[in-house]
Amino acid sequence: MQLYHHPFSLDSQKVRLALEEKNIDYTSFHVNPVTGKNYETSFFRKNPSAKLPVFQNGSHILYDTIEIIQYIDRIAMVSSGLDDSSLTTPETIEWIQKIQKWNPKFFTLSHLPPKHRLSVSKFLRRVIISRMAECPELASLYHQKLKDAYETDDKMRSAEILRCSEEHLDRILDEAESQLIETDYLIGQEFTLADVVFVPVLSRLVILDLEEKYINTRPNLAEYWKMVRTRPSYKKVIGKYFDGWRRHKTLFKTWCFVQIRSLLKQY
């Protein structure tokens, strides 16, 4: 089994947490979306959406995060000889779908320094144009991604879109805060796949220096966050790259790559 992913990708974190929690072996391939590696022709032919993660088991390839998590859960179920899967519980399905409906893209971009955001956006557009020239037979697909990039820049100027994204996030966090009054985790006293898709959302808030505003103002959520950070899966998937000084190292390496390639005009 192969997983094409990157620590920057929220959905990649969710899938990796599921794999680690289910103790499933896989081969890891990093595809950095900030440096445009997801637009390289070898990957783009496999996945013209250029989105992460991509999960491959033999000839079976999955692109949708929920489908990948469900597939992982089925593998774990068969391996353990169980007749049922934790994902089949209605509460788990409801939480996963609820969290997945929130698109973190605009929220994340709106909390990045404009200078950095615009610099990366310009770099990625040039990467796409360069790949179009290299691979004419995929030009129409690359052109669609270029169009999407310009549309994202336009939407970032919309206060309404950003407001809706924040309100959607607040609703999810408020509901989690209420649930955590009665239980240790989102479903009950055990860590489930609902928590798998929720933990990266909290991690993203911390990376953006928004822990005080969104997590610490909710005491049950703050306690939950302290607890899930002690799990081995969290430490391997997220903590390794973003806890403490590691966050600055991870971000700095990518930022330097973008700046140097931009300076040298190597896309």
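For the single chain, residues carry numbers from 1 onward in sequence order. FYI, side chains are in, hydrogens and waters are out, and symmetry mates aren't considered; it's all heavy atoms of this structure.
With a 6.0 Å radius and a threshold of 12 heavy atoms from other residues, nucleotides or ligands, Asp154 has its CG atom above the threshold. Around NE2 of His143, the count of heavy atoms belonging to other residues, nucleotides or ligands within 6.0 Å does not exceed 12.
Of all the heavy atoms in Leu193 and Ala18, the pair that sits closest is CD2-CB, 4.2 Å. What you find for Pro200 and Lys14 is that their closest heavy atoms are CG-CG, 3.7 Å. The shortest heavy-atom contact between Val197 and Val201 is O-CG2, 3.8 Å. Of all heavy-atom pairs spanning Pro53 and Thr65, the tightest one is CD-OG1, 3.9 Å. Nearest heavy-atom pair across Ile99 and Ala194 is CD1-O, 4.0 Å. The minimum heavy-atom distance linking Arg246 with Gly239 is given by the pair CD-O, 3.4 Å.
In this structure, a donor-acceptor pair under 3.5 Å is present between the side chains of Tyr224 and Asp195. No side-chain N or O of Tyr234 forms a donor-acceptor pair with one of Gln13 less than 3.5 Å apart. One side chain, Ser49 or Asn47, offers a donor N or O that lies under 3.5 Å from an acceptor on the other.
Side chain of Gln56 to main chain of Gln2: no donor-acceptor pair is present (N/O by atom type, distance under 3.5 Å, no hydrogens or angles). Asn32 contributes no side-chain N or O that, together with a main-chain N or O of Lys37, makes up a donor-acceptor pair within less than 3.5 Å. For Tyr142 (side chain) and Tyr39 (main-chain N/O), a donor-acceptor pair under 3.5 Å exists by modelled atom type. In terms of modelled atom types and a separation under 3.5 Å, the side chain of Thr217 and the main chain of Lys213 share a donor-acceptor contact. Arg218 contributes no side-chain N or O that, together with a main-chain N or O of Ser178, makes up a donor-acceptor pair within less than 3.5 Å.
Criterion: ILVMFWY side-chain heavy atoms under 4.5 Å apart, direct or through other members. Under it, Leu251 and Leu109 are part of a common hydrophobic cluster. The same ILVMFWY cluster, assembled from side-chain heavy atoms under 4.5 Å apart, contains both Tyr71 and Ile69. Cluster annotation: Tyr241 and Leu112 are assigned to the same hydrophobic cluster (Ile/Leu/Val/Met/Phe/Trp/Tyr, side-chain heavy-atom contacts under 4.5 Å, transitive). Hydrophobic clustering (side-chain heavy atoms under 4.5 Å, transitive across Ile, Leu, Val, Met, Phe, Trp, Tyr) keeps Tyr26 apart from Tyr63. Residues Val34 and Phe106 fall within the same hydrophobic cluster, defined by Ile, Leu, Val, Met, Phe, Trp and Tyr side chains chained together at heavy-atom separations under 4.5 Å.
Trp102 is listed as a side-chain neighbour of Ser165, based on a closest heavy-atom distance under 4.5 Å. With a 4.5 Å cut-off on side-chain heavy atoms, Phe55 and Glu67 do not count as touching. Side-chain atoms of Thr89 and Thr192, non-hydrogen and from C-beta on, never get closer than 4.5 Å to each other. Looking only at side-chain heavy atoms (C-beta outward), Leu52 and Phe43 come within less than 4.5 Å of each other. Using a 4.5 Å heavy-atom threshold, the side chains of Lys22 and Ile75 count as separate. The closest side-chain heavy-atom distance from Leu138 to Met132 is not below 4.5 Å. Considering only heavy atoms from C-beta on, Leu186 stays 4.5 Å or farther from Phe191 through its side chain. Under the 4.5 Å side-chain criterion, counting only non-hydrogen atoms from C-beta, Thr250 is in contact with Phe8.
The distance from atom NE2 of His60 to atom CG of Leu62, rounded to the nearest 0.5 Å, is 4.0 Å. The OG atom of Ser158 sits 10.0 Å away from the CE atom of Met156 when rounded to the nearest 0.5 Å. With rounding to the nearest 0.5 angstrom, the CZ atom of Phe198 is 13.5 Å from the OH atom of Tyr185. Between atom NZ of residue Lys155 and atom CD of residue Glu160 there is a gap of 13.0 Å, rounded to the nearest 0.5 Å. To the nearest 0.5 Å, the span separating OG1 on Thr35 from NZ on Lys253 amounts to 11.0 Å. Rounding to the nearest 0.5 angstrom, the gap separating the CZ atom in Arg247 from the CG atom in Leu208 is 8.5 Å.
Applying the salt bridge (Lys or Arg N to Asp or Glu O under 4.0 Å) test to every pair with at least one member in residues 131-149, sequence neighbours left out, gives these pairs: Arg45-Glu137, Arg131-Glu134, Lys145-Asp148.
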_Between Val31 and His6, does the side chain to side chain contact (heavy atoms under 4.5 Å, CB included) criterion hold? Intermediate values first, please._
CA-CA 6 Å; Val31 182; His6 196 271; 5.5 Å; no
*What's the verdict on side chain to side chain contact (heavy atoms under 4.5 Å, CB included) for Lys101 and His168, showing C-alpha distance, side-chain angles and the deciding distance?*
CA-CA 9 Å; Lys101 285 180 181 178; His168 191 170; 4.0 Å; yes
_As a quick check of understanding, evaluate side chain to side chain contact (heavy atoms under 4.5 Å, CB included) for His5 and Val15, giving each step before the final call._
CA-CA 9 Å; His5 68 100; Val15 169; over 6 Å; no
*Would Ile238 and Leu17 count as a side chain to side chain contact (heavy atoms under 4.5 Å, CB included) if you check the C-alpha gap in whole Å, the side-chain angles of each, and the deciding distance to 0.1 Å?*
CA-CA 9 Å; Ile238 301 175; Leu17 283 173; 4.3 Å; yes
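Using a cut-off of 4.0 Å between Lys/Arg side-chain N and Asp/Glu carboxylate O, Asp11 and Lys51 are scored as not salt-bridged. Of the charged side-chain nitrogens involved, none lies within less than 4.0 Å of a carboxylate oxygen, so that Arg231 and Glu20 do not count as a salt-bridged pair.
Aromatic ring pairs are classed by plane angle as parallel below 30°, tilted from 30° to 60° and perpendicular above 60°; the pair Phe107 and Tyr214 is perpendicular.
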